[in-house]
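These notes are about the structure you will find just below.
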Amino acid sequence: MFVDSHCHLSFPELQADLPAIRAAMARERVDRALCICTTLEEFDTVHALALGHDNFWCSAGVHPDNEGVQEPSVEDLLALAARPRVVAIGETGLDYYRLGDRTVDDMAWQRERFRVHIRAARESRLPLIIHTRSASDDTLAILREEGAGADGGVTGVFHCFTETRSVARQALGLGFMISFSGILTFKNAVKLREVAREVPLDRCLIETDSPYLAPAPHRGKTNNPSYVPLVAAQLAQIKGCSIEAVADATSRNFERLFGPTVHLTEHTST
Ligand SMILES: [Zn+2]
Ligand SMILES: [Zn+2]
């Protein structure tokens, strides 16, 4: 059985198709998914998915790309973190990819927002879901400044990993896991597959980040959690192991990171 550790089922292109997506997940043996929050305004919709389905859980956080939205305080995040079936803080982090006519200096608000999430993760004892794009140096520096790491009581996952081997090593050194998306299956992702070869299987997660980044052979189409076995198959090929071994390891890692509540109850309906 597979776990999609990062998807956006609250987005309209997926929300409307939920029954069909859940049927496809059951068919492809994807038994669990973590629904990711990207704004405070969106939280109730994401949370409703987790409350309404016993194999869905959710996070609480504000994505670094979201501007002109409600800015979270540590207290806001802690209040949401205390709600049932909320198992992570994020997605949060830094994204300097679309600076436009701004400089990195202008992105101080992103860095401040990231620090707020790290503090909330420490206080709530929930793992962080980190999004980093064109900003890995600052992402790692802020994590260190905020005392993140296994001994600092804050770990989590670098989601949809596309960074270098050096960034992966540093993230692992801080006690974080690395999550691979459909990008791993893209023809031109040669470097990323080399990184994946190095990340120990007991520190890997798999995800779709749907509706984006559908894995090959669905590249360019709307993604959904039922495609996560394609990421697992690619990872298995890289590791030279069976897809079952990847499914088992990534499911166990998911449980280790997000805690005892992400186990399925005995009579789960799908
Ligand atoms: Zn992201
Ligand atoms: Zn995401």
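Both counts, for ligands and for their atoms, begin at 1 and track the order of listing. All values reported here derive from a predicted model rather than from experimental measurement.
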May I have the step-by-step check of salt bridge (charged side-chain N to carboxylate O under 4.0 Å, His left out) for Glu75 and Arg119, ending in yes or no?
-> CA-CA 10 Å; Glu75 293 68 32; Arg119 290 165 195 165; over 6 Å; no

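Looking at heavy atoms from C-beta onward, Leu172 lies in side-chain contact with Pro200 at the 4.5 angstrom threshold.
Considering Glu13, Glu42, Glu91 in turn, Glu91 is the only one that fulfils the side-chain hydrogen bond (donor to acceptor under 3.5 Å, both in side chains) rule with His8.
Angle OE2(Glu91) to the Zn ion (ligand 2) to NE2(His8): 100° [nearest 10 degrees]. Seen from the Zn ion (ligand 1), atom ND1 of His131 and atom NE2 of His159 lie 120° apart in angle, a value rounded to 10°.
Ring planes of Phe11 and Tyr212: perpendicular class, angle over 60° (limits at 30 and 60°).
Of all N/O/S atoms in Asp209, OD1 sits nearest the Zn ion (ligand 2).
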